[in-house]
J.: 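Questions regarding the structure given below will be posed in turn.
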There are 2 protein chains.
Amino acid sequence: MKNSQHLLGLIERIGNLLRLEERELGKADGLQPVHVQVLEYLSLCNRFSNTPLSLSRYLGISKGTVSQSVIVLENKGLIKKVQDNNDRRIVHLVLSETGKNVVKNAFANERWSNTCERLPAQQRERMAEDLAQLLLELTRQHSMQSFGVCRTCKYFTYENSNYSCALLQIPLKASETAKLCHEHCFFDSKTGSDESLSVP
Amino acid sequence: MKNSQHLLGLIERIGNLLRLEERELGKADGLQPVHVQVLEYLSLCNRFSNTPLSLSRYLGISKGTVSQSVIVLENKGLIKKVQDNNDRRIVHLVLSETGKNVVKNAFANERWSNTCERLPAQQRERMAEDLAQLLLELTRQHSMQSFGVCRTCKYFTYENSNYSCALLQIPLKASETAKLCHEHCFFDSKTGSDESLSVP
DNA sequence: GTATACTGTATTGACTCGATACTAAAAGTG
DNA sequence: CACTTTTAGTATCGAGTCAATACAGTATAC
């Protein structure tokens with residue numbers, strides 16, 4: 001038990017420092033930490049997960065709040081709203097060229113990359129795996145979507161050199177298979193059943 | 001590089017979920033996530049680190065902001081301010097009984113402990129070590145204090161069954177050696193020199 | 001003793017955030 | 001088909017965080 005408190009404190013503190021970095025990074029463009037996170041997410045998500053709703057689920061904030069952040073980013077010309085062709089309720093958020101540059105700079109965060117470089121590659125790898133599993137369990141506890149990389153999903157299929165999603169029954173571009181999907185569902189028996197994740 | 005982005009995303013997301021939990025936990029008492037973090041910190045720090053300034057450094061927010069949070073918590077009767085006897089500029093923040101109970105409930109967070117329990121003890125241990133090292137490097141990059149547990153500090157000494165701090169030249173109670181100290185300095189040669197940490 | 005550094009407070013304005021109520025589109029139901 | 005229900009997103013509001021600035025009181029250096 002004491003162990004888990006310690007772990008909580010560590011992650012919380014690292015998270016706080018990261019938010020501090022985001023604040024500094026966004027300062028030049030007049031952006032708040034949340035805005036930086038939104039841009040980062042949009043650079044990683046696919047055509048199904050680049051909506052305000054997915055964003056709110058991913059960031060753990062209400063959709064009303066997301067709506068406001070989106071307006072700010074749109075006014076600054078960093079993102080654009082594109083209405084969905086099939087479902088006209090849905091809006092897709094896409095990064096503009098300016099937006100892409102801002103994300104690029106944010107990811108090129110010196111402090112963070114310096115920090116990572118000072119840790120052995122093997123350790124980084126291990127941490128990423130451990131944390132990914134922790135996150136998966138945590139999202140299960142919250143009954144939330146897991147937002148994994150498409151390629152690692154149990155519905156991801158590869159046949160005749162064509163990628164496709166078995167859940168949505170649609171073909172995928174090669175570049176999309178490395179993006180975050182909001183319907184993601186790990187193919188991993190050792191972590192237990194997947195009944196908590198929404199599957200039609 | 002891509003590796004470090006992935007790691008960043010993981011920690012950020014876990015941090016977001018934790019803040020979401022804090023929001024829920026604090027809701028019953030009308031507390032904001034920050035307030036919960038303040039209470040958590042105060043339950044872990046020693047008599048040198050329970051000041052507004054240490055708090056602001058630990059949480060990565062300005063001391064003005066801390067001052068306001070402190071007022072809120074004081075009005076709610078969760079903490080009390082105690083002036084230092086030697087240095088009358090300094091204020092010590094101590095948890096009231098009510099405050100201690102709130103922290104206890106916060107730490108007893110079901111979702112988090114469930115999550116931790118589902119991971120092997122060995123993995124938790126490993127993660128804690130890895131993350132501690134990451135945090136240490138990160139604080140170095142930020143030229144910040146490391147806020148470690150007193151007992152693990154290079155200035156911590158144990159002689160004739162008495163604990164003491166070699167930096168401040170004062171005796172320590174046994175219970176204090178398990179608390180967070182703001183002058184903390186790891187005794188760890190493999191992670192490089194300690195010149196970035198402030199030592200008189 | 002005076003200048004300087006340090007700890008904490010007060011105030012202000014920009015902004016986040018959740019809550020609520022709302023519109024519009026889709027999907028389900030008879 | 002009309003109808004209800006569900007879903008995606010928006011608008012508005014008030015509470016509250018947060019940094020910035022200016023400030024008061026105390027300690028330390030010289």
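Each chain gets a letter, A, B and so on, in the order its sequence line appears, and its residues count up from 1. Because the structure is predicted, anything quoted here is derived from the model rather than measured.
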J.: With sequence neighbours left out, what residues match Arg23(B) under salt bridge (Lys or Arg N to Asp or Glu O under 4.0 Å)?
T.: none
J.: Starting from P on dG16(D), measure out to CD on Glu22(B) and report it in whole angstrom.
T.: 18 Å
J.: Check side-chain hydrogen bond (donor to acceptor under 3.5 Å, both in side chains) between Asn105(B) and all other residues, then give those that pass, not counting sequence neighbours.
T.: none
J.: Partners of Ser69(B) by side chain to side chain contact (heavy atoms under 4.5 Å, CB included), sequence neighbours excluded?
T.: Val34(B), His35(B)
J.: Please give the remaining members of the hydrophobic cluster of Val94(B), linking ILVMFWY side chains under 4.5 Å, ordered by chain and number.
T.: Val82(B)
J.: Take atom CZ of Arg23(B) and atom C1' of dA15(D), then tell me their distance rounded to the nearest Å.
T.: 11 Å
J.: Using 4.0 Å as the upper bound for N to carboxylate O, is an ion pair formed by Glu24(A) and Arg111(A)?
T.: yes
J.: Could you tell me how far apart Leu55(A) (CG) and dA8(D) (P) are, to the nearest whole angstrom?
T.: 14 Å
J.: Quick one: does any side-chain atom of Ser96(A) pair with a main-chain N or O of Gly77(A) as donor and acceptor, under 3.5 Å?
T.: yes
J.: Please state how far atom CG in Asn75(A) lies from atom P in dT10(D), giving the value in whole angstrom units.
T.: 12 Å
J.: Who pairs with Lys100(A) by side chain to side chain contact (heavy atoms under 4.5 Å, CB included), at least two apart in sequence or on another chain?
T.: Leu95(A), Glu97(A)
J.: Could you tell me how far apart Gln68(A) (CD) and dT10(D) (P) are, to the nearest whole angstrom?
T.: 11 Å
J.: For DNA chain C, find the residues of residues 28-38 of chain A with a heavy-atom distance under 4.0 Å and give them by number; none if there aren't any.
T.: Gln32(A), Val34(A), His35(A)
J.: When you list every nucleotide of DNA chain C with an atom under 4.0 Å from a heavy atom of chain A, which one comes first 5' to 3', and which comes last?
T.: dC15(C) to dA26(C)
J.: Mind checking side chain to side chain contact (heavy atoms under 4.5 Å, CB included) for Arg126(A) and listing every partner two or more places apart, or none if nothing turns up?
T.: Gln123(A), Asp130(A), Arg126(B), Asp130(B)
J.: So what is the end-to-end bend of the helix from dG1(C)-dC30(D) to dG30(C)-dC1(D), with 5 pairs used at each end and the value given to 10 degrees?
T.: 30°
J.: Do the side chains of Lys81(B) and Glu74(B) get close enough for a salt bridge, i.e. N-O under 4.0 angstrom?
T.: yes
J.: Donor-acceptor pair, distance only, cut-off 3.5 Å: does the side chain of Ser54(B) make one with the backbone of Asn50(B)?
T.: no
J.: Which part of the nucleic acid, if any, lies within reach of Thr51(A) when heavy atoms closer than 4.0 Å are counted: base, sugar-phosphate only, or nothing?
T.: sugar-phosphate
J.: For Arg19(A) and dT17(D), give me the distance from atom CZ to atom P, rounded to whole Å.
T.: 13 Å
J.: Side chain of Thr65(B), heavy atoms from C-beta onward: which of dA8(D), dT17(D), dC13(D) has the nearest atom to it?
T.: dT17(D)
J.: If we ignore hydrogens and angles and just use 3.5 Å, is the side chain of Glu137(A) paired with the main-chain N or O of Thr115(B) as donor and acceptor?
T.: no
J.: Applying side chain to side chain contact (heavy atoms under 4.5 Å, CB included), name anything that partners Ile90(A), two or more places apart in sequence or on another chain.
T.: Thr51(A), Asp84(A), Asp87(A), His92(A)
J.: Would you mind telling me which residue lines up with the more 5' stretch of DNA chain D, Ser69(B) or Pro52(A), judged by nearest nucleotide?
T.: Pro52(A)
J.: Is there a donor-acceptor pair under 3.5 Å between the side chain of Arg124(A) and the backbone N or O of Cys116(A)?
T.: yes
J.: Give the rounded distance in Å between these two atoms: CG of Asn16(A) and P of dT17(D).
T.: 15 Å
J.: Not counting sequence neighbours, which residues clear salt bridge (Lys or Arg N to Asp or Glu O under 4.0 Å) with Lys104(A)? List them please.
T.: none
J.: With a 4.0 Å heavy-atom cut-off, tell me which residues in residues 76-93 of chain A come close to DNA chain D, sorted by residue number.
T.: Lys81(A), Arg89(A), Ile90(A), Val91(A)
